[in-house]
Amino acid sequence: QVQLVESGGGLVQAGGSLRLSCAASGRTFNNNAMGWFRQAPGKEREFVSTINWSGSSTDYADSVKGRFTISRDNAKNTVYLQMNSLKPEDTAVYYCASYHSSSYFSGYLRIPSNYNYWGQGTQVTVSS
């Protein structure tokens, strides 16, 4: 079993920044690929970014590429999402998810149903 707890969400003006954190506990974290997804009201959950177990491989949705950066600190069992130049359309609940394999297939990991565990989410609201 893995517990994932997101934090760092909040209200920010357009153009601002936030850093989300996802702290993992329970089963071994270091060998897992991790992902960030988001869900806006009335919309499906969508891929934002993923990172492999070592941090050497990352993937981003086109809508956030160049503005968001995913990273991880395996010593702290934590994955981060640095979000810069935020836009109102980034408003959503952001979720982190854990995939229990050291394998990293970016296309496969863009699909929410392929993940083993999810956090409860953290709200990000960007005002215009």
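Computed from a predicted structure; not experimentally measured.
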Where do Thr125 and Val12 land on the side-chain contact (heavy atoms from CB on, under 4.5 Å) test, with the steps shown first?
-> CA-CA 6 Å; Thr125 303; Val12 64; over 6 Å; no
Check the pair Ser98, Asn116 against side chain to side chain donor-acceptor pair (under 3.5 Å), reporting the backbone distance first and the verdict last.
-> CA-CA 6 Å; Ser98 174; Asn116 302 98; 5.8 Å; no
From CA spacing to verdict: side-chain contact (heavy atoms from CB on, under 4.5 Å), Gln123, Tyr94 | CA-CA 6 Å; Gln123 176 71 46; Tyr94 283 71; over 6 Å; no
Any chance you could lay out the side chain to side chain donor-acceptor pair (under 3.5 Å) test for Ser25 and Gln3, step after step, and finish with the verdict?
-> CA-CA 5 Å; Ser25 60; Gln3 293 78 42; 3.2 Å; yes
Please test Thr50 against Tyr60 for side chain to side chain donor-acceptor pair (under 3.5 Å), starting from the C-alpha separation and ending with a verdict.
-> CA-CA 7 Å; Thr50 60; Tyr60 297 93; over 6 Å; no
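A distance of 8.5 Å separates OG in Ser101 from OH in Tyr108, rounded to the nearest 0.5 Å. Here Cys22 contributes atom SG and Leu81 contributes atom CG; the two are 10.5 Å apart, rounded to the nearest 0.5 Å. Between the CH2 atom of Trp53 and the CG atom of Asn31 there is a distance of 7.0 Å, given to the nearest 0.5 Å. Atom CZ of Arg72 sits about 8.0 Å away from atom OG of Ser54, to the nearest 0.5 Å. To the nearest 0.5 Å, atom SG of residue Cys96 and atom CD of residue Gln120 are 8.0 Å apart. How far OG of Ser127 is from CD of Gln13: 5.0 Å, rounded to the nearest 0.5 Å.
Annotation: cation-pi geometry satisfied between Arg45 and Tyr95 (NZ/CZ under 6.0 angstrom from ring centroid, within 45° of ring axis).
Taking the charged nitrogens against the carboxylate oxygens, Asp62 and Lys65 do have a contact shorter than 4.0 Å, which makes a salt bridge.
Leu109 and Ile51 end up in different hydrophobic clusters when Ile, Leu, Val, Met, Phe, Trp and Tyr side chains are linked at under 4.5 Å. Hydrophobic cluster membership is shared by Phe68 and Leu20, with clusters built from Ile, Leu, Val, Met, Phe, Trp and Tyr side chains linked at under 4.5 angstrom. Criterion: ILVMFWY side-chain heavy atoms under 4.5 Å apart, direct or through other members. Under it, Val64 and Trp36 are part of a common hydrophobic cluster. Note on Val79 and Val124: same hydrophobic cluster, where clusters join Ile, Leu, Val, Met, Phe, Trp and Tyr whose side-chain heavy atoms are under 4.5 Å apart, directly or indirectly. Ile70 is connected to Leu18 through a chain of hydrophobic side-chain contacts under 4.5 Å among Ile, Leu, Val, Met, Phe, Trp and Tyr, so both are in one cluster.
Under the salt bridge (Lys or Arg N to Asp or Glu O under 4.0 Å) test applied with Arg38, the options Glu44, Glu46, Glu6 reduce to a single match, Glu46.
Judged purely by distance below 3.5 Å, without hydrogens or angles, the side chains of Asn84 and Ser17 pair a donor atom with an acceptor atom.
A distance-only check finds a donor-acceptor pair linking the side chain of Asp73 to the backbone of Ala75 [under 3.5 Å]. Looking only at distances, a side-chain donor or acceptor of Asn52 sits under 3.5 Å from a matching main-chain atom of Gly55. In terms of modelled atom types and a separation under 3.5 Å, the side chain of Thr122 and the main chain of Ser7 share no donor-acceptor contact.
Closest approach of Asn114 and Tyr99 over heavy atoms only: O-CD1, 3.2 Å. Closest non-hydrogen pair, Ala14 versus Pro88, comes out as CB-CD, 4.1 Å. Heavy-atom minimum distance, Thr78 versus Ser21: CG2-CB, 4.2 Å. The shortest heavy-atom contact between Tyr104 and Ala33 is CD1-CB, 4.2 Å. The two atoms that bring Ala40 and Ala92 nearest to each other are N-CB, 3.8 Å, heavy atoms only. Considering every non-hydrogen atom in both Trp118 and Pro112, the closest pair reads CZ2-O, 3.3 Å.
Checked against the 6.0 Å centroid criterion, the rings of His100 and Tyr117 qualify as a close aromatic pair.
Below 30°, between 30° and 60°, or above 60°: for Phe37 and Phe47 the angle between ring planes is above 60°, a perpendicular geometry.
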